[in-house]
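First comes the structure, then the notes that go with it.
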Amino acid sequence: MHSSSAPPERARLEALTGLRFLAAFHVVLFHAALWERWSGPAAVRHVVSAGYVAVGLFFMLSGFVLTYTHGGPAPVSRTSFYAARFARIYPVYALSLLLALPFALRTHLEHGGVGPFLAEGLAAFSLVQSWHPSFAMAWNPPGWSLSVEAFFYASFPFLAPRLVVLSPRRTLAVMAGALAVLLALPLAWALSGPEGWSTRYDTEGLWLDVLRYHPLVRLPEFILGICLGRLFAHAPLRAALARHAGLLATSATALLLGVLALGPRVPYVLLHNGLLVPAFAVLLLALATDQGLPARLLRHPWLVRLGEASYSLYILHTPVVMLVRSVGSRLLGREVLDTPAFVAGTLALTVVASLVSYRLVEQPLHRRLRRAFAATPKAPPGVAGAPAAPATERA
């Protein structure tokens, strides 16, 4: 897998690392409280309560970072690539399931029984829950996106070599097609689904869950990320982006916040699946140049450190929030759970837990697994480039 105009140095994309923390924290904010009860400005409430859109950004970022890192000429086996992905994501993912186990067991004992509990657990530990709509939220709900990412990793060695050799013009054509497919599915739901344009986040339905969580439905976002990585490897385009990076990143951010602030006036199904892709694309390309004021702000050392722990923040936040709320309910009463002070404390504890997890669990186990996999016999080359952490872990 080669790119003749790849960036001369594989610099750490620190602005994107900072962005990952903000995106993960958006998801945490979304899950930390019942924001519809909040009496503050409606625009702020709408932005915070749309944290689900950050997952689409992660899918694009994943494709972009993997392509950026694997664009060089040095070959690496598919086995090594898959081992690197497993070593990076699975230890903390397994920890999240173990932390969520007591809450999932209690819920199933009250409503579903032991059989469904075990079936969901098997699907979750196997990273296949997103393929079955009724299992997508198994045990630790954010885990559905890791199930989707696992499919992306499996497909990357087959997709990327075919995409990174395209000319910029053909790459743009592929991106247009991927975006068209991505938007066609929610449009079809809005026009023919039982809830139509009035579909909300809390609307339930088998085919709506397929639209939200199925790996094949979300694949165009990953393909778009790979294509962005190909475009970024084109030196003239990269230079043009660098000259206007600050304006582009600021404009994309303003557009994103403006659309989210509109709240229910923007159809949920479009917002969830693809509407923000153009703005995400501009933001990623602009920040990847590491130029302009937004990039300088995002590569602040503390934001980079938090960004490095953003995978732990993302995948652990639900069991941590459930634990904090459970303890808080017992000690302080349920009426305090959605107060600003309690929500702020919950958020702070969640961030601290992610930093601890990154230092004591994610990094050490990742190193141990990489050493263990490195000791196994090598498979024939299949993907070019050195193994890199996925976008939900490192940029």
Side-chain angles (χ1 to χ4, degrees), residues 1-13 16 56 58-89 127 146-182 214-238 241 277 280-281 284-285 288 370 373-374 376-395:
M1 188 171 71
H2 304 280
S3 176
S4 59
S5 55
E9 296 182 0
R10 298 298 176 189
R12 285 176 56 86
L13 304 173
L16 293 184
F58 278 133
F59 290 158
M60 293 178 65
L61 186 57
S62 179
F64 178 85
V65 172
L66 288 175
T67 304
Y68 174 85
T69 307
H70 291 265
V76 63
S77 72
R78 290 190 185 122
T79 302
S80 297
F81 176 80
Y82 294 145
R85 302 303 97 235
F86 180 87
R88 177 64 71 174
I89 71 168
L127 282 168
L146 269 294
S147 175
V148 172
E149 285 277 7
F151 170 65
F152 293 166
Y153 299 154
S155 63
F156 180 78
F158 303 95
L159 289 173
R162 292 162 175 79
L163 294 174
V164 300
V165 296
L166 299 177
S167 67
R169 181 173 296 181
R170 290 189 176 183
T171 301
L172 290 172
V174 171
M175 294 178 70
L179 181 59
V181 171
L182 189 62
H214 200 281
L216 291 176
V217 175
R218 307 308 296 260
L219 181 61
E221 290 161 289
F222 184 65
I223 291 175
L224 284 160
I226 296 174
C227 290
L228 289 176
R230 169 64 189 99
L231 290 178
F232 191 72
H234 187 60
L237 176 60
R238 194 168 61 251
L241 287 167
V277 159
F280 285 156
L284 292 180
L285 287 174
R370 288 296 295 272
F373 289 137
T376 60
K378 302 298 182 183
V383 181
T392 46
E393 307 131 46
R394 189 193 71 180

>> Does the plane of the ring in Phe81 sit parallel, tilted or perpendicular to the ring in Phe156? Use 30° and 60° as the thresholds.
In response: parallel

>> Going by the rule side-chain contact (heavy atoms from CB on, under 4.5 Å), which residues pair with Phe151 if we only count those two or more places apart in sequence or in a different chain?
In response: Trp131, Pro215, Leu216, Leu219

> Going through the distances and angles, do Leu127 and Glu149 end up as a side-chain contact (heavy atoms from CB on, under 4.5 Å)?
Replying inline: CA-CA 9 Å; Leu127 282 168; Glu149 285 277 7; over 6 Å; no

>> Taking side chain to side chain contact (heavy atoms under 4.5 Å, CB included) as the criterion, tell me which of Val174, Leu163, Thr171 meets it with Ile226.
In response: Leu163

>> For the CZ atom of Phe152 and the OG atom of Ser147, what is their distance to the nearest 0.5 Å?
In response: 10.0 Å

>> So which atom in Leu16 and which in Ala288 form the shortest heavy-atom distance, rounded to 0.1 Å?
In response: CD1-CB, 4.2 Å

> How long is the span from the CG atom in Leu231 to the CG atom in Leu284, to the nearest 0.5 Å?
Replying inline: 12.0 Å

>> Just verifying a value: how many Å separate Thr69 OG1 and Phe64 CZ, rounded to the nearest 0.5 Å?
In response: 9.0 Å

> Can you list the steps and then say if Phe373 with Ser80 is a side-chain contact (heavy atoms from CB on, under 4.5 Å)?
Replying inline: CA-CA 8 Å; Phe373 289 137; Ser80 297; over 6 Å; no

> Quick one: ring-ring contact (aromatic ring centres under 6.0 Å, His included) partners of Tyr82, sequence neighbours excluded?
Replying inline: none

> Atom CZ in Arg230, atom OG in Ser167: separation rounded to 0.5 Å?
Replying inline: 7.5 Å

> Minimum heavy-atom separation for Pro220 to Ala178, with atom names?
Replying inline: CB-O, 3.5 Å

>> Listing request: all salt bridge (Lys or Arg N to Asp or Glu O under 4.0 Å) pairs with a residue in residues 220-229, at least two apart in sequence or in separate chains.
In response: Arg218-Glu221

>> So, taking the atom named CG in Leu61 and the one named OH in Tyr68, what distance separates them when rounded to the nearest 0.5 Å?
In response: 12.5 Å

